[in-house]
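Everything numeric here is computed off the predicted structure, so don't read it as measured data. Counting starts at 1 for both ligands and their atoms, following the listed order.
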Amino acid sequence: MTDPRDHLLSWLRDVHAAEEQAIKMLSSFARRIENYPELKARIEQHVTETQRQSERVRECLRRHGSDASTLKDTGTKLMGLGQGLSGIFTSDEIIKGVLASYTFEQMEIASYKILVAAARRLGDAETARVCEEILQEELAMAGWLESRFGELTGKFFDLEADESVTAKH
Ligand code: MG
Ligand code: FE
């Protein structure tokens, strides 16, 4: 039987890898956005939050005498999702990017909910508290995106129809 603590540490490493992936993915997405300043600003804000999240998860690992060094392998596992954003140069890249970002947030939300439950069960109150706080930021980001689906889609069609606008993202 695997020590339950090892599961907690491995899930923390997985989520750390996801955060590192998110930093790259969201930064490159934000850089490409030209016509959606509100979306760009919210994503940039979440990049800053994500950098802090990554540090905080690393601190949780450190408290257990562990580190995030084995994250190379788990990082590649999550690449599939990340690629939803990295190679997009299609005319609807803004919609594809929003979809991929939202999907990524949902994955993070589930991950942190599981981590809160695991940390509580193992009596690691500090990790539970940290993961609960990060969870709130992920919920806020997902909620923000979700509340703008209609507006963003409408603007996307407006820009598509406007022949004077060359960059549609
Ligand atoms: Mg995150
Ligand atoms: Fe996030």
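Coordination check, Glu108 versus the Fe ion (ligand 2): passed, since an N/O/S atom of the residue sits under 2.8 Å. For residue Glu105, an N/O/S atom approaches the Fe ion (ligand 2) to within less than 2.8 Å. Not a single N, O or S atom of Glu137, from either the backbone or the side chain, sits less than 2.8 Å from the Fe ion (ligand 2).
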Hey, mind stepping through Val57 and Val130 against side chain to side chain contact (heavy atoms under 4.5 Å, CB included) and telling me if it holds? CA-CA 8 Å; Val57 170; Val130 167; 5.6 Å; no

May I have the step-by-step check of side chain to side chain contact (heavy atoms under 4.5 Å, CB included) for His46 and Glu105, ending in yes or no? CA-CA 11 Å; His46 198 56; Glu105 293 308 321; 3.1 Å; yes

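Atoms OE1 of Glu19 and OE2 of Glu138, as seen from the Mg ion (ligand 1), are separated by an angle of 150°, to the nearest 10°. With the Mg ion (ligand 1) at the apex, Gln53 OE1 and Glu108 OE2 define an angle of roughly 160° (rounded to 10 degrees).
With Tyr36 as the aromatic partner, Lys155 meets the cation-pi criteria of under 6.0 angstrom to the ring centre and within 45 degrees of the ring axis.
With hydrogens and angles ignored, the 3.5 Å screen pairs a side-chain donor or acceptor of Ser147 with a backbone N or O of Trp144.
Taking the N/O/S atoms of Glu138 in turn, the shortest distance to the Fe ion (ligand 2) belongs to OE1.
Shown are Glu133, Glu126, Glu137; of these, the salt bridge (Lys or Arg N to Asp or Glu O under 4.0 Å) with Arg56 is made only by Glu133.
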